Structure formats: C-alpha cells, structure tokens
Amino acid sequence: GTDPLRAFQLFRAAAAAGHRLAQANFAICHLFGVGTSLDPVFGAQLLEAVFEKGFSIADATWLLKEGSSLLKVTDFSEVVQSLEREASRGSGVAEAILGVFAARGLTRPPCTMPCREEVERRIEALKARGRTDLVALVLANASASEGRNAVLSAARTIEGVAGLGA
C-alpha cells in the first residue's frame, strides 16, 4: 500500500502536472497533515483555488470525508483557530471546512456528532457570503463516515493513471 508520505509526493507531482483531483488531494494533505506538516490555512487556500477551477462539490465532499478519517491530530484547537481566522477574512472554503468539522464532531470544544447549532451557524455564514455551492459540501458531510484508506487508495490510482509510480 501507499504510505502517507508517498501519497503526498504523488499528489504533489500530479498536481504540478495539472491533474485537478490530485490538486484537491494535495490541498487535503496540507489541510489534515497527511504526509506533510499540518497547515490548514494553506490547505484551505489550495482547496479554494481548486474550486475556482471548477472542482466539483461531490468530489470535495468525498475527499473531506476521507481526509478527516486519516487525521494525525487529536487536538483540533490549532486547526480550528487557523481556519476561524481564515473564515473571518472571508474564506468560504475555511467556513465550509469548519462546518464539516462541526458535522463530524471535530470542533472546539468537542461535541457530540453532529454539532447541529455549529453546522447551522456555518451554513448561515456561507449563505450570507453567497457561497451556497459550499453549503452542499457541509450538508453532505453531516452524515459522513467512510473507509479509512480511501485517500491512500486515491493515491494508488493517481500513481497508476498518471504513470508516477516508482
């Protein structure tokens, strides 16, 4: 199987070659610290750029579900604080990710999944920003729980399709 560092390397190479799904996975790696250092702000910025290029909400929903199952961190306070700063600066993607975290019970302080009030607050903030496209992302994640190895599986697919194997 592909380890997290190898997955990150594959996504980075394919992203640089213009592969949109790899670009999104590269963002998710930074967002959740898979194969690289945890950098939720950079991850959110990269994901925003991928959305601007037409990346689908359905694909992003799947990635965020899967990426959150591979989290290396147990204390989300730093991640949430970073994303809250980005959301306060107007990042719709950061707001949506915070909504996804709330839907999955990964907020500060932790709550029983899903944190309905927090999810509703994030959805209202997205609507106020005119980002109804991202509301679907939050709602789809509110009922999520998928397999643990899907991001690494996607890396193996990229490895085969893009001819980036060792």
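Just so it is clear, the model here is predicted, and its values are computed rather than measured.
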At what distance, to the nearest 0.5 angstrom, does CD of Glu124 lie from CZ of Arg129?
12.5 Å
Start with the C-alpha distance between Glu48 and Arg131, add both sets of side-chain angles, then the distance that settles salt bridge (charged side-chain N to carboxylate O under 4.0 Å, His left out), and finish with yes or no.
CA-CA 12 Å; Glu48 182 77 54; Arg131 295 302 303 265; 3.0 Å; yes
Rounded to the nearest 0.5 Å, how far does SG of Cys29 lie from CZ of Arg12?
10.0 Å
Interatomic distance, Asp39 atom CG to Leu46 atom CG [nearest 0.5 angstrom]:
8.5 Å
As an exercise, state the distance from CG of Leu126 to CZ of Arg121, rounded to the nearest 0.5 Å.
11.0 Å
Are Leu38 and Val41 connected into the same hydrophobic cluster when the rule is that any two of I, L, V, M, F, W, Y join if their side-chain heavy atoms are below 4.5 Å apart?
no
Gln45 versus His30: any side-chain heavy-atom pair under 4.5 Å?
no
Which atom of Ala44 lies closest to which atom of Leu83, heavy atoms considered:
CB-CD2, 4.0 Å
Pairwise side-chain contact, Val34 with Ile28, heavy-atom cut-off 4.5 Å (strictly under)
no
Quick one: pull up OG in Ser37 and CZ in Phe8 and give me the separation to the nearest 0.5 Å.
7.5 Å
Enter the distance from Leu47:CG to Ile97:CD1 here, rounded to the nearest 0.5 Å.
5.5 Å
Would you say Thr36's side chain and Gly33's backbone share a donor-acceptor pair under 3.5 angstrom?
no
Heavy-atom closest pair, residues Ala87 and Ala94:
N-CB, 3.7 Å
